Amino acid sequence: TGSWGATSGNQYDPSKVGTYAVQGNSVVITLGGETFTCAVHYRQQDGRITELKCGERLYGTSLCE
């Protein structure tokens, strides 16, 4: 389980704080009282998750156009 600042602000002074937990091939995100489950779309060989699919949206650290 981890936490981060989101929506606005920065990691040192977030205006909203969320948590996440990796459960197999899913990431459960809680932010502002809402919970979302995203699918792991791509995981590096070293285990790092670099792409998540949340509903119809794909989020990644560096996606090509």
Side-chain angles (χ1 to χ4, degrees):
T1 302
S3 63
W4 78 99
T7 304
S8 63
N10 60 52
Q11 65 182 349
Y12 304 107
D13 185 25
S15 61
K16 285 189 179 181
V17 175
T19 61
Y20 67 92
V22 178
Q23 299 175 348
N25 284 325
S26 297
V27 178
V28 179
I29 301 167
T30 303
L31 178 65
E34 294 186 67
T35 300
F36 309 91
T37 301
C38 300
V40 174
H41 191 259
Y42 189 79
R43 188 185 302 250
Q44 299 287 328
Q45 288 182 346
D46 64 5
R48 289 179 301 130
I49 297 169
T50 56
E51 291 179 13
L52 288 177
K53 186 157 188 181
C54 303
E56 296 299 315
R57 292 186 175 199
L58 186 62
Y59 297 92
T61 55
S62 59
L63 295 175
C64 298
E65 292 183 21

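As a basis for the values below, the full set of heavy atoms in this structure was taken, side chains included, without hydrogen atoms, waters or symmetry mates. Small disclaimer: the values here were computed from a predicted structure and weren't measured.
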query: Distance from L52 atom CG to Y20 atom OH, nearest 0.5 Å?
result: 10.5 Å

query: Hey, mind stepping through Y59 and C54 against side chain to side chain contact (heavy atoms under 4.5 Å, CB included) and telling me if it holds?
result: CA-CA 8 Å; Y59 297 92; C54 303; 4.0 Å; yes

task: Over all heavy atoms of both residues, which pair between H41 and K53 is shortest? Give the atoms and the distance, please.
output: CB-N, 4.2 Å

message: To the nearest 0.5 Å, what is the distance between OH on Y42 and CG on L58?
response: 13.0 Å

query: Which salt bridge (Lys or Arg N to Asp or Glu O under 4.0 Å) pairs, counting each pair once, include a residue from residues 33-46, with sequence neighbours left out?
result: D46-R48

Side chains of residues 21-29: which donor-acceptor partners sit under 3.5 Å, not counting sequence neighbours?
none

- line: Sorted by chain and number, sequence neighbours left out, salt bridge (charged side-chain N to carboxylate O under 4.0 Å, His left out) with R57 holds for none

